[in-house]
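All values derive from a computational prediction rather than experimental measurement. All chains are named by letter (A, B, ...) in the order of the sequence lines, taking the proteins before the strands, and each is independently numbered beginning at 1. FYI, side chains are in, hydrogens and waters are out, and symmetry mates aren't considered; it's all heavy atoms of this structure.
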Amino acid sequence: TKINRVEISGFKSFQRKTVIPFFDGLTAIVGENGSGKSNLFDAISFVMGRRSSSLRAERLEQLIFNGGEHLSPSSMAEVTLYLDNSNGLFTPFFPDDDQPREISLGRRIAKGYASYQFMDKNCPREMIDRILETAKIDPDGHQLIAQGNLTQVIEKNPQRRREIIDEIC
Amino acid sequence: TKINRVEISGFKSFQRKTVIPFFDGLTAIVGENGSGKSNLFDAISFVMGRRSSSLRAERLEQLIFNGGEHLSPSSMAEVTLYLDNSNGLFTPFFPDDDQPREISLGRRIAKGYASYQFMDKNCPREMIDRILETAKIDPDGHQLIAQGNLTQVIEKNPQRRREIIDEIC
Amino acid sequence: KKAQFLAALNQVATYFERIFHQLFQGGRASLELEEPENINSGLIIRAHPPDKEPHLIDALSGGEQTLTAAAFVFALQEYLAGPLLILDEIDATLDKTNSNKLAKLLQGYGDHCQVIVVSHNEEMIRHAKRAYGVTMRKGISKVLSLEL
Amino acid sequence: KKAQFLAALNQVATYFERIFHQLFQGGRASLELEEPENINSGLIIRAHPPDKEPHLIDALSGGEQTLTAAAFVFALQEYLAGPLLILDEIDATLDKTNSNKLAKLLQGYGDHCQVIVVSHNEEMIRHAKRAYGVTMRKGISKVLSLEL
Ligand SMILES: Nc1ncnc2c1ncn2[C@@H]1O[C@H](COP(=O)(O)OP(=O)(O)OP(=O)(O)O)[C@@H](O)[C@H]1O
Ligand SMILES: Nc1ncnc2c1ncn2[C@@H]1O[C@H](COP(=O)(O)OP(=O)(O)OP(=O)(O)O)[C@@H](O)[C@H]1O
Ligand SMILES: [Mg+2]
Ligand SMILES: [Mg+2]
């Protein structure tokens, strides 16, 4: 599979709905300091189920666009991830239906409200975990490396490092 | 005062005696990854009395040139720092003598042996501390920032940050 | 369970040694268990750039640690063959030569999976197939597709 | 003791706000005690780049955290007026514009004290009065003076 596109709205510095298509090969994301590059990385980690503590926030509400100095804050943060299904990898999740060309995973938060979506319908968090496992994507593993975190993988103590091998076999 | 020059020999990757003069203004140190730039930084921290744990080593002996893959290790690591005394800042340390134009601080380690020097004579560690205090140099403070350590100063918890102000007044 | 663990470790270790050798153009690296037959013992990483014998991983330079960690991440990726890698400024400590080597390697991985990197480095941008520019105005981020 | 502490804090805080404002070309920053009259309470750093209201220091970007920390270090330096600053790759996360701003500021400090920086950044080297190149051959480092 692969990421076909990401839709972000009201998440961190992405106030308005932003759609970013992704393709094969190496894609570079560039921009000045503070422009929102790591916020985009956090949006993808967020929809994959990561907790606020690894998204540079103390509580989930802090992920909602806070208005900055001049604007009014958003009421909701929402990220939707579209994964390609042209090779039918996700067939087991569509027992009765036709195979969609792509599947969508979503996550929303508002004050006092939080939910996950699969194909636009609310679903439990475990559903997202099972889909990502089928796709061989581990958001807490080596495939998503946040800014400044690369060398953690060799700095860990020997026991922690051993667990990395445990997790992948 | 200012640093007039540093002499390094047998310290980390500086096998042979290396003399580096320093001047006023902004000086840049450049070079490829792994060439020895941070080792030069460590040499200056070392002579100012920092412990092995903040010099990327577990024991002091690991600071001695280890020979790499092909060469034989050095038997001693030695760093000497020359501080300018043309404005007589260090007068109190020369009660009977003439004022030298510059003073020298030294530190040596060998297997099972470690010492500090002031004007080429062995002296206790406290002597180095008093000289640096007179020079308004705090090797554990904000004036020496090791690679990757800049943002620690804002990441510390509020109590630790408060101590920074304590230490400077 | 034990056989599975050892097979995975041996495989990842083989990839790690090859990728390390490629990035450093020489040197030696290895992944070993503290007690070879005991799968509950810790995992030791050894990394020797060419001509060097660092006594511990911490003695390596900033750039050498980045390349060593990258080799480990890529070894896990080659073992798992996952669909994507998303890396946020992993090249921050690298000089031009090493940025170039890393960018070439990532370009190669881009033939087998989707690789998305955030970077300030011209070397990395030069090797990318596509690029997005993120801009900030009045506290709001926008994303634009860039012509390479 | 208390009066001395508060005087030092006020002084450093004033320098910090000015330098932050200079590096970010706007925005607001402050140093305050958790409980204003209690000198044993913790020290809070607030840093708001222009148009932004980060809820905590962690929410700032890598480059914004670097500039904020640098402003704090320079504020301490201006208060203490020490003879030297030795900084090892403090500009690693900065883009070209901010590298330039930082290099100009360091060049200015070079008029009052000795500033020695390790850097891979052309902006930094361009602003330096002198440069040394460190090279490594067969595991041995050498230092050469470079013509700028
Ligand atoms: N909930 C929020 N609402 C609005 N803005 C936010 C929110 N959370 C974080 N921000 C802003 O996002 C900015 C950080 O963006 P980000 O970390 O993505 O920058 P970056 O492009 O990665 O920069 P760098 O190159 O320095 O790493 C901060 O200035 C912060 O104020
Ligand atoms: N005791 C020692 N004897 C010989 N070599 C040593 C010793 N201690 C460390 N080294 C070597 O020094 C090298 C690291 O040098 P250093 O950290 O100064 O690089 P650097 O120029 O700062 O690079 P970077 O730009 O990546 O930060 C390592 O490769 C290490 O093997
Ligand atoms: Mg970032
Ligand atoms: Mg270094």
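- Heavy atoms closer than 4.5 Å to chain B are found in the side chain of V12(D), but not in its backbone.
- Heavy-atom distances place the side chain of F41(B), and not its backbone, under 4.5 Å from chain D.
- Checking T18(B), L40(B), N39(B) one by one against S13(B), the side-chain contact (heavy atoms from CB on, under 4.5 Å) holds for a single residue, N39(B).
- If you take CZ on F20(D) and CD1 on I45(D), they are separated by 10.5 Å, rounding to the nearest 0.5 Å.
- More than 12 heavy atoms of other shown residues, nucleotides or ligands fall within 6.0 angstrom of atom CZ in R126(D).
- The part of I44(B) that comes within reach of chain D is its side chain, from C-beta onward, which places non-hydrogen atoms under 4.5 angstrom from that chain.
- Interatomic distance, OG1 of T68(D) versus CD1 of I19(D), reported as 12.0 Å (0.5 Å rounding).
- A donor and an acceptor atom, one from each side chain of N85(B) and E102(B), are nowhere located under 3.5 Å apart.
- Contact annotation for F5(D): both backbone and side-chain heavy atoms come within less than 4.5 Å of a heavy atom of chain B.
- Residue contact with chain B, scored on non-hydrogen atoms closer than 4.5 Å, involves the backbone and the side chain of T66(D) alike.
- Note on ring orientation: taking the six-membered ring where Trp is involved, the planes of F94(B) and F118(B) are tilted (angle from 30° to 60°).
- Donor-acceptor pairing under 3.5 Å is recorded for the side chains of Y113(B) and S115(B).
- Under the 4.5 Å side-chain criterion, counting only non-hydrogen atoms from C-beta, Q117(B) is in contact with R108(B).
- L71(B) touches chain D through its side chain: at least one heavy atom from C-beta onward sits under 4.5 Å away, while N, CA, C and O do not.
- If you measure heavy-atom distances from Y79(D) to chain B, the contacts under 4.5 Å come from the side chain alone.
- Interface remark: of the candidates Q4(D), H120(D), K138(D), H120(D) forms the most heavy-atom pairs closer than 4.5 Å to chain B.
- For a residue to count as touching a neighbouring chain, one of its non-hydrogen atoms must lie under 4.5 Å from one of that chain's; by this rule Q159(B) touches chain D with backbone and side chain alike.
- For chain B, the option among G82(D), G139(D), S41(D) with the highest count of heavy-atom pairs below 4.5 Å is S41(D).
- Of the inter-residue distances, the one linking R161(B) atom CZ with E34(D) atom CD reads 9.0 Å to the nearest 0.5 angstrom.
- Shown here is K121(B), whose NZ atom has no more than 12 heavy atoms of other residues, nucleotides or ligands within 6.0 Å.
- Here I116(D) is the residue among I116(D), I57(D), N121(D) with the most heavy-atom pairs under 4.5 Å with chain B.
- Of the residues considered (D111(D), V143(D), L85(D), I86(D)), I86(D) shows the highest number of contacts with chain B, using heavy-atom pairs under 4.5 Å.
- Chain B forms the most heavy-atom pairs under 4.5 Å with one residue out of T93(D), L80(D), D58(D), N40(D), and that residue is N40(D).
- There is no contact between L148(D) and chain B, counting heavy-atom distances below 4.5 Å.
- Remark: of the listed residues E32(D), E17(D), E53(D), E32(D) is the sole one forming a salt bridge (Lys or Arg N to Asp or Glu O under 4.0 Å) with R46(D).
- Both the backbone and the side chain of D166(B) come within less than 4.5 Å of a heavy atom in chain D.
- In this structure, the portions of Q77(D) lying under 4.5 Å from any heavy atom of chain B include both its backbone and its side chain.
- With respect to chain B, the highest number of heavy-atom pairs below 4.5 Å among Q11(D), M124(D), K129(D), R137(D) belongs to K129(D).
- Between Q147(B) and S38(B), the side chains place a donor N or O and an acceptor N or O closer than 3.5 Å (distance only, hydrogens not considered).
- With a threshold of 4.5 angstrom between heavy atoms, F22(B) approaches chain D through its backbone and through its side chain.
- Residue A81(D) touches chain B through both its backbone and its side chain, counting heavy-atom pairs closer than 4.5 Å.
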